[in-house]
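Report on one structure; see the data block that follows.
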Amino acid sequence: MENPKPKINQIDVSAKPAKAQRRVPGTRYTAAEIHEIFRRFSVQRPEPKGELEHVNPFTLLVAVALSAQATDAGVNKATRALFKVADTPEKMVALGVDRLGEYIRTIGLWRNKAKNVIALSQSLIDQYCSVVPNERDELVKLPGVGRKTANVVLNMAFGHSTMAVDTHIFRIGNRLGLAPGKTPDEVEAKLMRVIPSEYLYHAHHWLILHGRYVCKARKPECPACVIADICKAAEKTSEIPAPLVPLPPQTI
């Protein structure tokens, strides 16, 4: 009798040495399981990208600041026209709060966001020679810029391995038991500790996209999940992982 062919879609994480079978402190998973989760994400989306449109670090910073409590699609719709006329701190300040508000009034909390964008633009001019700083401690000093925004900018503009915990990542960290925590900072710290270093740079995009399109808030689409067999979420509806094939490149 011929031996069955090995499955290409997944590896047998139970075949790892006993040491690798111990759960990593703070998670519901072993090191082997965590490694396999992110290996599959890397096969599915080899080059994940953020979905906020931008043309330089400054416009990325503005777009991320505007995205709080708003969808990326809604922000992109507003900023396409905005960034054609204001893609530098000087141009943004020259635009002014009122005119900026005309571009972004479809975005939630647009009045306060308009004030913050003008203020952070002025701060960049006054304190950083109009250059977006590539250090978190400096970024969070800017008006309207919190830790999550700083982490996105550091990752996407400067290539830092950061974890920007938005609602999707916070949900997945807790739902899957991958990095349970009561606050975004707690989830961030655990993810930074447990994710293998070779996967850390892209990890926050993989988790965001997984949460946005598969592990959705109201109803997870478990049949479309490539980690369904590993996932330990109480509400999962399938033990069979979706085929592990590369997805078409993202279009922004």
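Numbering of residues begins at 1 and proceeds along the displayed sequence.
Within the 4.5 Å cutoff, no side-chain heavy atoms of Asn151 are placed close to those of Met163. For the pair Tyr29 and Arg23, the minimum side-chain heavy-atom distance is 4.5 Å or more. A 4.5 Å side-chain heavy-atom check between Ile208 and Ile172 finds every atom pair outside the cut-off. Phe38 has its side chain out of reach of Leu200: every pair of non-hydrogen atoms, C-beta onward, lies at least 4.5 Å apart. Thr27 is not listed as a side-chain neighbour of Glu33, based on a closest heavy-atom distance of 4.5 Å or more. Using a 4.5 Å heavy-atom threshold, the side chains of Ser121 and Phe58 count as touching. For the pair Cys215/Cys225, no side-chain contact is recorded, criterion being any heavy-atom separation below 4.5 Å from C-beta on. Within the 4.5 Å cutoff, the side chain of Lys232 has no heavy atoms near those of the Leu176 side chain.
Taken together through direct or relayed side-chain contacts under 4.5 Å among Ile, Leu, Val, Met, Phe, Trp and Tyr, Phe158 and Leu120 form part of one hydrophobic cluster. Under the 4.5 Å side-chain heavy-atom criterion for Ile, Leu, Val, Met, Phe, Trp and Tyr, Val140 and Leu142 are members of distinct hydrophobic clusters. In the hydrophobic clustering of this structure, Val55 does not group with Val153; members are Ile, Leu, Val, Met, Phe, Trp, Tyr whose side-chain heavy atoms approach within less than 4.5 Å, directly or through other members. Cluster membership check: Ile34 does not share its hydrophobic cluster with Tyr201, using side-chain heavy-atom separations under 4.5 Å among Ile, Leu, Val, Met, Phe, Trp and Tyr. Hydrophobic clustering places Val24 together with Met192 (ILVMFWY residues linked when any side-chain heavy atoms are closer than 4.5 Å, directly or through intermediates).
Atom CD1 of Ile230 is separated from atom CD of Glu36 by 5.0 Å, given to the nearest 0.5 angstrom. One distance of note links CD1 of Ile227 with CD1 of Ile37; it measures 4.5 Å at 0.5 Å rounding. Residue Thr71 holds its OG1 atom at 10.0 Å from NZ of Lys77, rounded to the nearest 0.5 Å. Summarising the geometry, atom OG1 belonging to Thr79 is positioned 10.5 Å from atom NZ belonging to Lys84; distances are rounded to the nearest 0.5 Å. The distance from the CG atom of Asp137 to the CZ atom of Arg147 is 8.5 Å, given to the nearest 0.5 Å.
Side-chain N or O atoms of Trp206 include none that pairs as donor or acceptor with a backbone N or O of Pro48 at under 3.5 Å. A donor-acceptor distance shorter than 3.5 angstrom exists from the side chain of Lys190 to the backbone of Pro180, with no hydrogens or angles considered.
Of the listed residues (Val62, Leu82, Val64, Leu66), just one forms a side chain to side chain contact (heavy atoms under 4.5 Å, CB included) with Val75, and that residue is Leu66. Of the candidates Ile169, Ile195, Leu191, His204 forms a side chain to side chain contact (heavy atoms under 4.5 Å, CB included) with just one, namely Ile169. Of the candidates Arg218, Lys216, Arg175, Arg175 is the only one forming a salt bridge (charged side-chain N to carboxylate O under 4.0 Å, His left out) with Glu235.
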May I have the list of side-chain donor-acceptor pairs in residues 90-103 shorter than 3.5 Å, sequence neighbours left out?
unit_1, atom_1, unit_2, atom_2, d
Glu90, OE2, Ser130, OG, 2.4
Lys91, NZ, Asp87, OD1, 3.2

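Residues Arg40 and Asp229 are paired through a salt bridge, judged by an N-O separation under 4.0 Å between the basic side chain and the carboxylate. Salt-bridge annotation for Glu188 and Lys148: absent, with no side-chain N of the basic residue lying under 4.0 Å from a carboxylate O of the acidic one.
Every residue was checked against the ring-ring contact (aromatic ring centres under 6.0 Å, His included) condition with His205, not counting sequence neighbours, and none meets it. Every residue meeting the salt bridge (Lys or Arg N to Asp or Glu O under 4.0 Å) condition with Glu138, not counting sequence neighbours, appears here in chain and number order: Lys141.
Side-chain contact of His210 with Gln44: a donor-acceptor pair under 3.5 Å is absent, judged by distance alone. Using modelled atom types, one finds a donor on one side chain and an acceptor on the other under 3.5 Å when comparing Asn56 with Thr59.
In summary, the aromatic rings of His35 and Tyr199 are positioned with their centroids under 6.0 Å apart.
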Report task. Verify side chain to side chain contact (heavy atoms under 4.5 Å, CB included) between Thr162 and Arg136, making sure each step is shown before the conclusion. Result -> CA-CA 10 Å; Thr162 58; Arg136 183 186 293 113; 3.9 Å; yes
Report task. Could you walk me through whether Arg28 and Leu178 pass side chain to side chain contact (heavy atoms under 4.5 Å, CB included), step by step? Result -> CA-CA 6 Å; Arg28 298 182 62 193; Leu178 184 61; over 6 Å; no
Query - Residues Leu139, Thr149; criterion side chain to side chain contact (heavy atoms under 4.5 Å, CB included); working and verdict - result: CA-CA 9 Å; Leu139 283 167; Thr149 296; over 6 Å; no
Report task. Apply the test side chain to side chain contact (heavy atoms under 4.5 Å, CB included) to residues Asn155 and Ser161: give CA-CA distance (whole Å), side-chain angles for both, the deciding distance (0.1 Å), then the verdict. Result -> CA-CA 6 Å; Asn155 179 268; Ser161 294; 5.6 Å; no
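In Gln69, the CD atom is not crowded: 12 or fewer heavy atoms of neighbouring residues, nucleotides or ligands sit closer than 6.0 Å. Residue-environment remark: NZ (Lys236) exceeds the threshold of 12 foreign heavy atoms within 6.0 Å.
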